[in-house]
Each structure stands twice: as structure tokens, then as C-alpha cells.
Protein chains: 2
Amino acid sequence: MTQADRARATSNDVAVLAGVSRATVSQVLNGHADRFAPQTAQKVTRAARQLGYQPSAAGRALRRGSSDFVLALIPNTTFGGNLQDWFERLTATLAAQGFTLVLGVTTASVDVLDRLVSQMQPAAVLAFTPFRAAERAVLARNGVVAVDPPSAARAGQDALIGRLQAETLISRGHRRLAFAHLADSRQDPFGAAREDGVRQAALEAGLPDIEVVGLAIHIDEALGALDRLRPPGIAIACYNDDVAISLMNAAQLRGWDVPGDVAVIGMDRTPVSQVTVPRLTTLEYDLSDAAATGAASVLRALGLEGEAPTPSASALRLVEGASV
Amino acid sequence: MTQADRARATSNDVAVLAGVSRATVSQVLNGHADRFAPQTAQKVTRAARQLGYQPSAAGRALRRGSSDFVLALIPNTTFGGNLQDWFERLTATLAAQGFTLVLGVTTASVDVLDRLVSQMQPAAVLAFTPFRAAERAVLARNGVVAVDPPSAARAGQDALIGRLQAETLISRGHRRLAFAHLADSRQDPFGAAREDGVRQAALEAGLPDIEVVGLAIHIDEALGALDRLRPPGIAIACYNDDVAISLMNAAQLRGWDVPGDVAVIGMDRTPVSQVTVPRLTTLEYDLSDAAATGAASVLRALGLEGEAPTPSASALRLVEGASV
DNA sequence: CTGAAAGCGCTTACAG
DNA sequence: CTGAAAGCGCTTACAG
């Protein structure tokens, strides 16, 4: 009979095997080993390991009033990099502190979140984009810690993205810069900060103020936005690769040369961005960095670790194409 | 003092307000109202509604040994349509039966799933792609119901996709058909069934057997795959829009006319597929259908509803472009 | 330094 | 037709 076949061990099983009480098991396994004789603590940890003891989440949650789940809300926007990698990394970091990561999706209606949170009673809810008022109310009512996207870091990161886009354009000799948003603001949560980054870099380089347009991923909108930017001689930092590809195709339809007349730089390095003609120049964001930031924010919000996450340029990599 | 301010109501609160015992509250609220006098049942439901009573998930889970969570595993492949919509719909359908949907991600290591499942003790785990042996073992060990992708329906749906792609190509006069897979089989879980659909349709139309290639989303691979198909005069049904766009761009690099020399049809209708030049002809999959199928599978696996989901062509819509 | 007891909220087998 | 009691697994305040 292997361990896999055995019924799940309870704290009582551990107590019996270690020859102590359940109370002692609980204390030792919850970081209070110092209250006991060293050898008592050792008996407990050894027995727990031997039985593969995993405390029952339901039992803990019932007793403590909240679970060890951390709920991450996936936003309705493009992701640079791979959601899998991000999830796996964040899972590992949180698991090391005893938390279990679960995903939810931000939906139009708050009811979904309400149900999720009231059922799960998570230790914390982590979001990438700022919580809406209704969401915040739901979390407050359920007594759940809301972990805002680390706004300083997040904004800093996005400013860095805009800055890097602008610097790339400027280094190739472009003098008239623009930023292209996604028109739907729900899909453009980082647009403002990135636009600022582009603007700052342009100002510091002694260029005129940047121009700003917004579009949906639709060829007519792309043509309209492009016309408003009055090519030739415009270099466009884009919210994401889809926006960049739209504008690139619009330029080709209008007969402008890319990058001679119209330069574009994207963000995300989506797979399809690397098969366009010309290949898109874009930025790749290392999501493992975001995972580290997210984990740090959660732990800090729960009072478990001290350091505030800081934006790091190293998470950003320029992917050279031929569109700039 | 509004309801939102009050502490969460317990079954005891409901019992007191209704003037009955907690046992009665539990029975009535769990579908056994028929064991009681109609007016007793009514008092209970009324009191529960008045207090906004939501049973404690932890309490239920502890007592019953499994939770009311349903865990859906997101695969590492493209999604036609919008994950948000799918999630929202499946959430609603499952919520109507008392279940709460939560998302996980299929990761390389099974440990993540193990932890998730052993913590959550979900009522069921739902996957889009067939479970790997290691995953199945984890679920079995935790005594969790594994809801396979309804393979008959799923395969039927995918055959339908391939068929519809082929029929579209054939109706435009193309006689030499091919299917283009994603080379990485993990990202191509539906490829085989779709290829079969294309093949069947070709045979039934009296055409020669189809040709088959695989590629990653990379321009060199796309050029290689295209060359192997010996244009001109080839019409390619693609695993997804990214594959189709890759081949379309490869064709243009080689100087072939699209759709004159090389015709391509995609699948998913990604945003960027609608800004290509020429615009991609593709299929759009109504994820609300997938949500219905998923919900039906889960409920059936839990013994709650009888009907097996069937593939429906109505969930598939041809998006006319200019690449065919 | 350690354990007995209480209780988190729920459901079910049983008694009446 | 309804309720009292037990118990799921855990943690903490308290007693010794």
C-alpha cells in the first residue's frame, strides 16, 4: 500500500504518530515551533513529512475565517509573454509561503467576483489593473484584502515601456513621434502611463510634443488614425502589437513606405508580430518579472514581507524587426 | 445598517428567523423541501432570501469532503473568441446548479495541479484537451471527478471546423487542398480532428487526398511549409489565424498572389486577422457554445443532468475576407 | 513546555 | 414532519 493509496492524513494522524496532541501539531506546523522543546517540534515535523500531511484547506478556512487562496484577476487586455509562465512562477512563490494561486476573470458584472470571493474567502485578491469601485466594494464587504497593482511600480514599468519605445524610434533618426492607444479604454489600461513615457523621452530629446491617436483593431480605424497623423515622417509607439500591425497595414494600403514614411514599434512580441512583412519591431516583457512583483505585493499586503517591488528595465527587451 | 454592513448570515441565523432548526434549513435549502410541510419550507426560503444567506463554502466542504468549486484548466493554445465571455457564461450556468467556476492553467509540472486540487477539493476538474496520464493520476488520488473534453462532441466540432474550411475553399473553385498544423503538438491539440474534417470534405467532393504540413509561427518555417506545398494552385486550411497569416505573408514574400495562387483560411477570427491585407477569411467560434458544452459535461459527470452535448454547426460562423 | 476543550458552519443519520 | 446530536479538520485561548 503506497502513500498515494492511503486516505489523506489528518493532523490527528500526525499527532498520534508523533506522540503529541493535535494542538501541538498545529502550533509547530504554523511557525510556533519555538514554543516547544526542540525534540518535540522535530518529532512533529518528521511525522508530518512521513505521512505527507497537508492540512485540510476547509478545516483551516472554517476555523480562521479565510482561506489560503490568492485570487488573481486576469484583465481583458493583451498579455506580453506567456500566461502559463507567469502563473507557474507566481504559484511557486506564493506556495512557498503557504498560499495557493487561483485565477478569475474580470467580467462586466461584479456578481461573478462577488460569488467567487464569498465562496472562496481568499486571503487576497490580486489585480493587474486598478480595481473598479464596485469591485472594491465587493472585496471590502467580504473582508478580503485587495492587492492593487503596485501602482508606483506598475506606472513606472509602463513609463519605462513608453520611454524605451521612444528611445528606439529616436535613435533611428525619427523626429516626429506619436502614441497610438486602443480606443476602448478598458483594453487600454496602461496606455496613459506609456504615453507619458513616450512624451517624456521626446521632450528630453528636444523634440516637439508627441501626437496622440486611438483606434480599435479595424482597418478603417487604422486608416483614419494614420491619416490624422499626417504621414510621411511619423514614428508611432503603439499600445500593443495588434495596434502596430493595424497601422503598418494601413500605411501599406495608403502607399507609404514602412519604415521610411511611417515607423511603428509595438509591445508584447506576439507570435504573429514576427511574421509580418516587414517584421515588427517590438518590446518583449518578461512576465516572470511581473510574477515576482505580484508575489511581493501580495505578501506585503498580507504583512509577510517588507520590500516594495521596484520597476526594472531588465524585464524589458527590444525585439529588433524592420518596422523602425 | 444595510445588508452589506451586516456580518454574513449563517444557517443558524436563518433557522432563528424562520423559527425552525438548522437541520431543517439545511434540508430545505439542499433540495429536500418535499420532506417538510410546504409552509415550513416557505418560511425557510423566505428567511434565507431576506438575510441574503449564502452557505459557507468551508463549512460545506468540511462536512461533505469536497467543495462546490469546479476547476477549469486553460490550455496552452489559441482561443477562438473571448475568454471573458466563455468564463462568464460557464460561471452562470454552473452557478445555477450551485457550483463556482475557478480557473487554473495547465503547466508543465503536475505539482501545481496537485496542490490546487488537494487544497480546493473541487467537485470536478474540466479540461479542454485530454488529460495527461500524470494529471489523471493526481485527480484520481484526490478523488476528484475528471471531466474530459467531451471527446465525441469535441472531435465532432473540430471535424466540423475542418469541413467548413474545406467547403469554403472548394466553393471558390479550389481543387488542391492542404491542412497546416502548428508544429508543436502541445499547441495543436485539435489539429488531427480538423485535418480529418478537411480530408473528408475533399474526398466527398471527389478531390485528391489533401496535403499536410506543420509549422511554427516563424517566417522561415512558413516559407518552408509553403514551398513544400508547391504553389501555385494550393488552398490551405489552417489550424488557426496565426498559421494562416504566416502562410499568407510567406506567399507574398515569394511573390504569389493571394488568393489567386495561394488561398488560405484561418480559424478563430483573432482581432489582427481582420486588418491583414488581404483580409483573412476565417471561422469564428461562438465560445458561448463551448461554455454550454462544458457546463453540460460537468453536470453530467456529477450526475446532475442527462443530456450529452452535441456539436452544433450554428456555433461556427464564416467570416468572409479576401484570402480565399 | 504541553494538552483538553471549545467552536468555526455545515449536513446527515437517527430518534421521535 | 421536525429537531437534537454528532462530527468533518482545524486552531486558539486557556489551564496546568
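In what follows, chains are A, B, ... by sequence order, proteins preceding strands, each numbered from 1.
Counting to the nearest Å, the P atom of D/dC10 and the CG atom of A/Asp68 are 12 Å from each other. Rounded to whole angstrom, the span from the CD atom of A/Gln121 across to the P atom of C/dG9 amounts to 11 Å. In this structure, A/Gln39 places its CD atom 11 Å from P of C/dC1, rounding to the nearest Å. Atom CG of B/Asn12 and atom C1' of D/dG3 are 13 Å apart (whole Å). Rounded to an integer number of Å, the gap from CE of B/Met120 to P of D/dG9 is 19 Å. Residue A/Gln119 contributes atom CD, which lies 15 Å from atom P of C/dG9 at whole-angstrom precision.
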Next on the checklist: Using the rule given for side chain to side chain contact (heavy atoms under 4.5 Å, CB included), can you reason through A/Gln119 versus B/Val102, listing the C-alpha separation, both sets of side-chain angles and the distance that settles it, and then say yes or no?
Outcome noted: CA-CA 11 Å; A/Gln119 287 287 307; B/Val102 156; over 6 Å; no

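For B/Asp114 (side chain) and B/Val110 (main-chain N/O), no donor-acceptor pair under 3.5 Å exists by modelled atom type. In this structure a side-chain-to-backbone donor-acceptor pair under 3.5 Å is present from B/Thr45 to B/Gln42.
Closest of all the heavy-atom pairs between B/Val147 and B/Phe131 is O-CE1, 3.6 Å. Scanning both residues, B/Arg132 and B/Ala108, for their nearest heavy atoms gives NH1-O, 3.4 Å. Shortest non-hydrogen contact noted between A/Leu302 and A/Ala123 is CD2-O, 3.5 Å. Nearest heavy-atom pair, B/Val117 versus B/Pro122, reported as atom, atom and distance to 0.1 Å: O-CD, 3.5 Å. Summarising the geometry of B/Leu116 relative to A/Leu101, their closest heavy-atom pair is CD1-O, 3.2 Å, with the distance given to 0.1 Å. Taking every heavy atom of both residues into account, A/Leu17 and A/Leu51 meet most closely at CD2-CG, 3.9 Å.
Going from atom CE of B/Met120 over to atom CE of A/Met120 covers 9.0 Å, rounded to the nearest 0.5 Å.
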Write out a two-atom table: protein N or O, nucleotide N or O from nucleotides 4-8 of chain D, distance below 3.5 Å.
| from | atom 1 | to | atom 2 | distance (Å) |
| --- | --- | --- | --- | --- |
| D/dC8 | O2 | B/Arg63 | N | 3.4 |

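Within residues 25-38 of chain B, the residues that have a heavy atom under 4.0 Å from DNA chain D are, in order of number, B/Arg35, B/Phe36, B/Ala37.
Under 4.0 Å is where a charged nitrogen must lie from a carboxylate oxygen, and between A/Arg115 and B/Asp68 no such pair does.
The phosphate of D/dC1 (OP1 or OP2) has no side-chain N or O of B/Thr24 nearer than 4.0 angstrom.
Scanning DNA chain D for stems, defined as runs of 3 or more consecutive Watson-Crick or G-U wobble pairs whose donor-acceptor distances all fall under 3.5 Å, gives the following ranges: C:1-3 with D:14-16, C:5-12 with D:5-12, C:14-16 with D:1-3.
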